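Throughout, protein chains are lettered first and strands after them, A, B, ... in sequence-line order, and every chain is numbered starting at 1. Keep in mind that this is a model prediction, so the values were computed, not measured.
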Amino acid sequence: MDFSGKYVLVTGASQGIGLAIVKKFAEHGSNIILVSRNIDVLNNLREELKSKYPTQDFYSISCDLNILENISSIFAEMKKYNITTLDVLVNNAGVMIDSMLQQQKLVDMTVMFNTNIMSTILMCQASLRFFLKKRKGNIINLSSIIGENGAIGQSVYSASKAAVLGFTKSLSKELARLNINVNSISPGYIETSMTQKYDQESKDSIINNIGFRRAGTAEEVAEAVLFLASEKSSYLTGHNIQVNGGMII
Amino acid sequence: MNNQELLYKTFAEALQVDVLSISDDLRYQSITEWDSIAHMVLINEIEINFNVIIETDDVIDMSSVAKAKQILSKYNINF
């Protein structure tokens with residue numbers, strides 16, 4: 001898959017699945033706009049990528065997607081960098097704050113909804129400008145197995161990720177006539193900092209429910225993202241790919 | 001090309017109709033070509049051709065060619 005000359009924007013680019021997605025696109029020739037809260041990590045990543053892939057362009061843009069008013073600043077910065085095109089938008093940034101509903105604080109609910117779904121909606125809305133101009137574009141939204149199946153202590157997180165699925169399906173219908181693909185990915189249990197907080201007993205219990213009897217890797221999710229962004233999936237829209245090792249079939 | 005000609009041309013290209021069929025009286029959804037999907041394309045083409053960023057309220061409000069002229073005047077585009 002060749003992404004030479006393509007511009008890809010990835011949110012939540014500094015760690016976990018987002019970082020794996022960035023590395024995968026870089027390997028395949030993309031220019032990448034890296035978005036994350038952590039500008040220091042992002043700047044280091046940009047330098048690392050630039051030294052490894054000197055002919056490609058990498059841009060780091062700091063933004064806390066929980067603060068929705070800040071989202072327009074991403075596109076203002078892109079303009080400042082003279083980026084006038086975008087081929088692929090990957091809405092990966094996500095926050096999971098576990099709690100039984102009775103104890104879940106409103107502030108945490110708001111952070112999850114803002115980051116997981118509202119920022120996804122606003123990023124899509126702002127990116128449309130680029131895609132409409134070319135009558136071509138590719139949007140990939142990261143949902144979660146929890147958004148489909150639910151989990152104890154994750155009712156609000158689950159609701160925010162289920163919203164990603166509904167949004168993706170509806171938007172794909174709106175944009176199909178304009179040759180814009182909109183799909184989602186629901187990762188299952190993936191080894192990242194988000195899942196490292198589980199104790200061994202919980203991890204073992206989860207893994208026993210996975211067909212492959214192992215956690216997935218961020219790279220395996222990134223491969224699915226790359227496929228959805230490529231010409232190989234040109235006739236695929238409104239679809240959700242479950243990358244969960246057979247946890248749900 | 002003056003602004004009126006550019007606006008008519010923009011409408012014609014976005015809606016994929018003959019420029020001769022564009023007039024100030026043309027209204028949103030009065031022809032099959034100007035539906036909600038084409039409206040997205042139209043707004044985008046207007047933004048590119050006139051180098052403006054149209055506010056969401058104005059996107060919703062742009063219900064005719066005449067209205068488009070009125071809205072664009074807010075962005076210092078005169079007809």
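- For B:Gln16, the CD atom counts as loosely surrounded, since its 6.0 Å shell holds 12 or fewer non-hydrogen atoms of other residues, nucleotides or ligands.
- Counting heavy-atom neighbours within 6.0 Å of B:Asn51 CG, excluding the residue itself, gives a total of 12 or less.
- Within residues 107-146 of chain A, the residues having any heavy atom less than 4.5 Å from a heavy atom of chain B are, in residue-number order, A:Leu128, A:Arg129, A:Leu132, A:Lys133, A:Arg135.
- Counting heavy-atom neighbours within 6.0 Å of B:Lys69 NZ, excluding the residue itself, gives a total above 12.
- Among all heavy-atom pairs drawn from B:Met40 and A:Leu178, the shortest one is CE-CD1, 3.7 Å.
- Taking a 6.0 Å sphere around NZ of A:Lys232, one finds it holds 12 or fewer heavy atoms contributed by other residues, nucleotides or ligands.
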